[in-house]
Each structure stands twice: as structure tokens, then as C-alpha cells.
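Before any comments, here is the structure.
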Amino acid sequence: MRTLLAVVDEGTFDAAAAALHVTPSAVSQRVKALEQRTGRVLLLRTKPVRPTESGAVLVRLARQVARLERDAQAELGLSGADGEPERVSVAVNADSLATWFLGALTRVPPALRLCFELRREDEDHTAALLREGTVMAAVTSSPDAVPGCSVRALGRMRYVPVASPGFAGRWLDGPLAEALAEAPVVVFDRRDDFQDGFVRGLGGGHGGASPARHHVPTSEGFAQAVAAGLGWGMVPEPQAVPLLRAGRLTDLAPGRRVDVPLYWQQWRLDSPALAAVADAVVAAAGEALRR
């Protein structure tokens, strides 16, 4: 399983062989032996290599075993054979990453010597990375626990519908629902239907926002694109408030906000490292997010 995990993490059999200091043939033989033992195909031989649904189960198990092994070494006062800091992988949505999440990680005691590997993903999809075993914990919008994981409520991220004053004056004359259905809009990526949901919530029978869309796949870039006048968009309150006060943005629907609940999911393991990260994240979220 350690070899299987190396192949998934490194992306190719050759890279896994280099990381494990064995030959590519040895890596291939180990994976084949594991597939024969389980009676299932575990890897898709693509570039990079991807685990199958069955392979994801074993990848998750391998990560959990490695996590418990490192924790046991720490409790016994033994450093790892390689002497490297422990790695904690977390999936987090872009807006949390840009506003409050990094501050949470600074609260983790330095004595734990943790290194963080962050995977940016939409909050509606971070739970999938937990199921695949790619990460140990995730900020997610789902209160339903992934099998083998625990869930804690973090709070609500509030979003504000905004546009630059010049854009609003040019495009948003008349009933808001009709105007937003025609005006250019900024979205995160092709899966982002947040702005569409807001327009539908205004009523009027509209199917969503305009098909004239600018795709800006970073949280900071998204807010800057809206402030620059490319289109309107739903901007997180921590980013929107300073721009509203500076007059660079205008509130399109005062009093109408959208709150997205966020949850912390992590492997259900007795791990001091994961527990410390969870405590830091929950504490920071309690200060930054709405209840």
C-alpha cells in the first residue's frame, strides 16, 4: 500500500520508483501483486496515474496508516527515519483560503513541526477529495460526514452582490432581476452557478445570470475583476466591505445576502496533529465567520 500511495502521489511509476529508491519494475510488481490480492484494478494507467474507486479506498487506508505511524513515533519520542516534518493535507475552498484559513494555520503550535499541503477546490466538491483519500481534512459545505470522517460546524460565509459604480450605472437600470439576467457576470469557473442561483432567487422566472461570463478562477482575482467593472458578482463579505467603503463597489441589493454554511470534516483518527489543526481552524472560523 505504501508503494500504491507513492504512485498516486508522484503521478507515474518511474517517479514513485525514484521516491522509494527501487526500480520501476519493482513498483509495477508490487502494484500488480496488490491488485491480484484484492481482485480489483486499483490504478488507471493514465498520466498522471489515477486511482480507481477501489484504489481510492486503499489509498485512504494507506494515508491513515502512515498518519498513525507518525503519531506513534512522536508519542514514543522517535523522529521519523527521514527526520522530515509531518505533512497534513487539507482541501479548502478558494474564498476561505483568501480570507481566513491561512490565519488559522498560524495558530497550530510550531512544536508539532507540521507542513501543510493545501488543495484548492470548491466547497461543494472538497468532500470528494476526502473520499478519494487525497486529503486528511477539508472545509466543505456538506454537513453529511464522509465515511470514516467526523464533522464540525464552522460558521457561515456571507456573500454580497456587488458591481463597480460605473458598471451598475451602465447595465443595471430597471428591475434588478431583469438587469442581472442580461448584464455580464464574473464567475469562478464553469462549475460555478452561485450567481445563477442568486438571480433565480430574485424571482421573475429567470433561469439564471447572463451567458456573457468572465471566468476568473482565483478569489482575489474575482473581487478585483468585479471592482474593475468586468461584470457583477457575489463577493465574500470580508473582501467586499473594504471595497464598498472605498467606493470601488456598490451594493446591488442592500439587505439581501447569501450565507453559505461551512463545515470541517477530517478522518476519525486519534491523531494529535489532526486534532491540533482542527482546534485552530474551528477557533479562527469562530472569529471570522457568521454564526
Side-chain angles (χ1 to χ4, degrees), residues 60 63-64 67 86-110 112 114-161 188-189 191-195 197-198 201 217-220 222-223 233-242 256-291:
R60 184 170 64 246
R63 289 196 197 282
Q64 292 174 343
R67 174 77 267 160
E86 298 182 51
R87 181 175 63 89
V88 176
S89 54
V90 181
V92 57
N93 61 306
D95 290 336
S96 292
L97 189 60
T99 54
W100 64 272
F101 191 79
L102 292 179
L105 298 185
T106 64
R107 300 183 180 215
V108 178
L112 290 175
L114 301 182
C115 286
F116 299 103
E117 180 180 348
L118 303 183
R119 296 287 298 270
R120 188 188 67 188
E121 183 57 90
D122 183 84
E123 63 269 18
D124 292 334
H125 303 282
T126 50
L129 298 180
L130 272 174
R131 293 188 189 93
E132 296 168 2
T134 303
V135 298
M136 306 173 185
V139 176
T140 174
S141 60
S142 174
D144 301 322
V146 171
C149 293
S150 60
V151 183
R152 297 170 72 174
L154 294 176
R156 294 175 177 271
M157 176 74 82
R158 174 160 289 183
Y159 289 82
V160 185
F188 194 81
D189 56 26
R191 294 188 300 183
D192 180 10
D193 64 351
F194 196 29
Q195 282 68 215
F198 179 77
T218 71
S219 184
E220 299 89 341
F222 186 102
M234 304 294 294
V235 174
E237 189 177 52
Q239 294 174 316
V241 168
R256 182 181 283 270
R257 303 290 184 261
V258 177
D259 288 350
V260 176
L262 297 177
Y263 301 87
W264 176 256
Q265 294 206 36
Q266 69 177 61
W267 291 345
R268 195 180 292 114
L269 296 177
D270 186 14
S271 168
L274 277 179
V277 174
D279 289 343
V281 168
V282 171
E287 297 173 5
L289 302 178
R290 291 180 173 268
R291 292 296 179 183

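When reading the values below, keep in mind they use all heavy atoms of this one structure, side chains included, and skip hydrogens, waters and symmetry mates.
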Given 3.5 Å as the limit, does a donor-acceptor pair link the side chain of [X] with the main chain of [Y], or not?
{"X": "Arg60", "Y": "Arg131", "value": "yes"}
{"X": "Gln195", "Y": "Met234", "value": "yes"}
{"X": "Gln265", "Y": "Asp144", "value": "yes"}

Original post:
Is there a salt bridge (charged side-chain N to carboxylate O under 4.0 Å, His left out) between Arg290 and Glu237 once you walk through the steps?
Top reply: CA-CA 10 Å; Arg290 291 180 173 268; Glu237 189 177 52; 3.1 Å; yes
Less than 4.5 Å apart, side chain to side chain, heavy atoms only: is that true for [X] and [Y]?
{"X": "Val90", "Y": "Trp264", "answer": "yes"}
{"X": "Val92", "Y": "Phe116", "answer": "no"}
{"X": "Asp279", "Y": "Arg152", "answer": "yes"}
{"X": "Asp122", "Y": "Phe188", "answer": "no"}
{"X": "Met136", "Y": "Val277", "answer": "no"}
{"X": "Met157", "Y": "Ser96", "answer": "yes"}

Original post:
Could you go step by step and tell me if Leu154 and Trp100 meet the side-chain contact (heavy atoms from CB on, under 4.5 Å) rule?
Top reply: CA-CA 12 Å; Leu154 294 176; Trp100 64 272; 4.1 Å; yes
Subject >> Heavy-atom pair with the smallest gap, counting every atom of Pro161 and Arg256 >> reply: CD-O, 3.6 Å
**OP:** In sequence, state the C-alpha distance, the side-chain angles, and the governing distance for Glu121 and Arg191, and then conclude on salt bridge (charged side-chain N to carboxylate O under 4.0 Å, His left out).
**Re:** CA-CA 11 Å; Glu121 183 57 90; Arg191 294 188 300 183; 2.5 Å; yes
**OP:** Report the C-alpha distance between Thr99 and Gln239 in whole Å, list the side-chain angles of each, state the deciding distance to 0.1 Å, and finish with yes or no for side-chain contact (heavy atoms from CB on, under 4.5 Å).
**Re:** CA-CA 8 Å; Thr99 54; Gln239 294 174 316; 4.0 Å; yes
**OP:** Dump the intermediate steps for side-chain contact (heavy atoms from CB on, under 4.5 Å) on Leu274 and Val88, then the final yes or no.
**Re:** CA-CA 8 Å; Leu274 277 179; Val88 176; 4.2 Å; yes
**OP:** Test side-chain contact (heavy atoms from CB on, under 4.5 Å) on Val146 and Thr140 and set out the steps.
**Re:** CA-CA 11 Å; Val146 171; Thr140 174; over 6 Å; no
Subject >> Residue from Val260, Leu289, Asp259 passing side chain to side chain contact (heavy atoms under 4.5 Å, CB included) with Arg156 >> reply: Asp259
